[in-house]
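See below for the structure under consideration.
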Amino acid sequence: MFGYQGWFGCPGDGSSLDAWEHWFRRGTPPSRTSLRVDMWPDVSELSADERCNTPLMLPNGSPAQLFSAYNPRTVDRHFQWLQDYELPGVFLQRFTVRLDDSTVLGFRDGVARNVRAAAEAHGRVFAIMYDISGHPRDTVVEAVKRDWAYMVDTLRVTESSRYLRHNGRPVVAIWGFGFRDRAPTPEQAADIIDAFRNNPDPRYRVTLLGGIPARWRSLGRDSQTQEGWERVYRSFDIISPWTVGRFRDANGIDRFYTDEVKPDLAEARRLGIDYMPVVFPGFSWHNMNPAAEFNPIPRRGGRFYWHQVERALEAGSTMLYGAMFDEVDEGTAMFKLAPTRDDAPAGVPVVTLDADGERLPSDWYLQLAREAQRRLRDASRSSSVDETNTSAPDDRQHDR
């Protein structure tokens, strides 16, 4: 399953925002200095009414173009790609902050409707993932509870035949509890978890996935340390520790999987909960944070991503979270991307697929994700016959 931000908008997209959203810094004119993404989407397949002209120019002198997730044709196209590459679906990110702003709510509801329609049209699945980043502590509990009731009763997402279910219930994910830079207390987290898992009204009960700190077992480094977080982390039905930025190369991946993921899986099995490792292709957020290094976690032509997939399979993982489908902000996007500098705007630092000195097609990471899905499926089938037969073939087969 991919994470799907769906937060990109542009002027004239028909939304209540009617503005550049996430592509450029909010409240500033679009320009090279206000750009806030580190990768550029491949828009060559998009129809004319899906493209938004920017003031930036490609090297050939034509306008650099972007898209809006409020446009149903574009979201449908993204789900067509998921179908084409045999990928099951997405967790739609629903940020709780600013949902009390009617213009923001209108935009996010429109994207949610687009995702539902596209999933149903292309036989994919979707689920809601709440991200509580930036939400004030004093209102986060009520905001999450209120919005889930709204999603069930007004948008009626769980009535979709393509809404993801696991263990007989709709799946909902909450990302952000326990991170050192997030506000909620363990008591607030426990309140929300209980409301989702044990709600008196069965319409609102779910299988709950937690996007939690990578060091959830030890309460170290990225995790808060207050008493109560240990219990919170272990009260989800599925846990998905966040690994983006936790390692930068193959050696770091190997150490992390030895020191963290294998013990994580053992603890999850002991607790009887499911475990969903996060795999990501690389990372860069220089345009969002100009003081940050540009392209600090190179993709290495896909080898960085594939090494994580191999380690996850070897550890016995039965599910994976792909971070992310469309996250060009932090350079983790895996959908179709600008393959060369000729396909990206001139005069701005942007990570294109040839950044590692290799010419790759724009769909390279969708191809890799398809192969990861096939290997994951094969490993899961073989583990049902022989639990010891979970190792994957040699890395060199995919080290091209």
TODO: Quickly, which of Arg51, Arg73, Lys336 forms a salt bridge (Lys or Arg N to Asp or Glu O under 4.0 Å) with Glu45? Name it, please.
DONE: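 Of the listed residues Arg51, Arg73, Lys336, the salt bridge (Lys or Arg N to Asp or Glu O under 4.0 Å) partner of Glu45 is Lys336.
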With a 4.0 Å cut-off on N to O distance, would you call [X] and [Y] a salt bridge?
| X | Y | value |
| --- | --- | --- |
| Asp249 | Arg300 | no |
| Lys145 | Glu142 | no |
| Asp237 | Arg169 | no |
| Arg217 | Glu267 | no |
| Arg341 | Asp354 | no |

Would you say the side chain of [Y] lies within less than 4.5 Å of the side chain of [X], judging by non-hydrogen atoms?
| X | Y | answer |
| --- | --- | --- |
| Phe95 | Gln5 | yes |
| Leu164 | Thr207 | no |
| Asp343 | Asp42 | no |

Verify whether the ring centers belonging to [X] and [Y] lie closer than 6.0 Å.
| X | Y | result |
| --- | --- | --- |
| Tyr85 | Phe335 | no |
| Phe126 | Tyr163 | yes |
| Trp23 | Phe67 | yes |
| Phe91 | Trp175 | no |

The single option from Asn287, Asn289, Asp329, Thr28 passing side chain to side chain donor-acceptor pair (under 3.5 Å) against Arg36:
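The passing option is Asp329.
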Query raised in the report: Is Arg299 close enough and on-axis enough to Tyr365, meaning under 6.0 Å and within 45°, for cation-pi?
Result: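 The answer is yes, since Arg299 meets both limits relative to Tyr365.
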*Kindly compute the distance separating CD (Gln65) from CG (Leu56), expressed to the nearest 0.5 Å.*
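Reported value, rounded in 0.5 Å steps: 11.5 Å.
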Hydrogens and angles aside, do [X] and [Y] bring a side-chain donor and acceptor to less than 3.5 Å of each other?
| X | Y | answer |
| --- | --- | --- |
| Asp84 | Gln80 | yes |
| Gln226 | Thr185 | no |
| Glu327 | Thr332 | no |

Legend entry - Greater than 12 external heavy atoms within 6.0 Å of Arg98's CZ: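 It does: Arg98 CZ has more than 12 such atoms within range.
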| message | Would you say CZ of Arg231 has more than 12 non-hydrogen atoms from neighbouring residues, nucleotides or ligands within 6.0 angstrom? | response |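 No, CZ of Arg231 has 12 or fewer neighbouring heavy atoms, counting only those of other groups under 6.0 Å.
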| Test log, rule salt bridge (charged side-chain N to carboxylate O under 4.0 Å, His left out), inputs Arg303 and Glu358 | CA-CA 12 Å; Arg303 296 177 183 86; Glu358 301 176 66; 2.9 Å; yes
When the ring planes of [X] and [Y] are compared, do they come out parallel, tilted or perpendicular, using 30° and 60° as the limits?
| X | Y | value |
| --- | --- | --- |
| Tyr4 | Phe325 | tilted |
| Phe196 | Tyr130 | tilted |
| Phe107 | Tyr70 | parallel |

Would you check if the side chain of Gln308 reaches a backbone N or O of Phe280 as a donor-acceptor pair within less than 3.5 Å?
->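 It does hold such a pair.
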Backbone of Pro200 reached by a side-chain donor or acceptor of Arg205 within 3.5 Å:
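Between the backbone of Pro200 and the side chain of Arg205 there is a qualifying donor-acceptor contact (under 3.5 Å).
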query = Given the rule that I, L, V, M, F, W and Y join up when any side-chain heavy atoms are under 4.5 Å apart, are Met1 and Trp81 in one cluster?
reply =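 Per the 4.5 Å side-chain linkage, Met1 and Trp81 are co-clustered.
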Kindly determine whether Arg94 and Asp109 satisfy salt bridge (charged side-chain N to carboxylate O under 4.0 Å, His left out), including the steps that lead there. CA-CA 9 Å; Arg94 192 163 172 93; Asp109 285 357; 2.9 Å; yes
Can you name the closest pair of heavy atoms from [X] and [Y] and give their distance?
| X | Y | result |
| --- | --- | --- |
| Asn295 | Ser284 | N-OG, 2.8 Å |
| Leu209 | Ser240 | CD2-CB, 4.0 Å |
| Asp201 | Asn199 | N-OD1, 2.9 Å |
| Phe79 | Val125 | CE2-O, 4.3 Å |

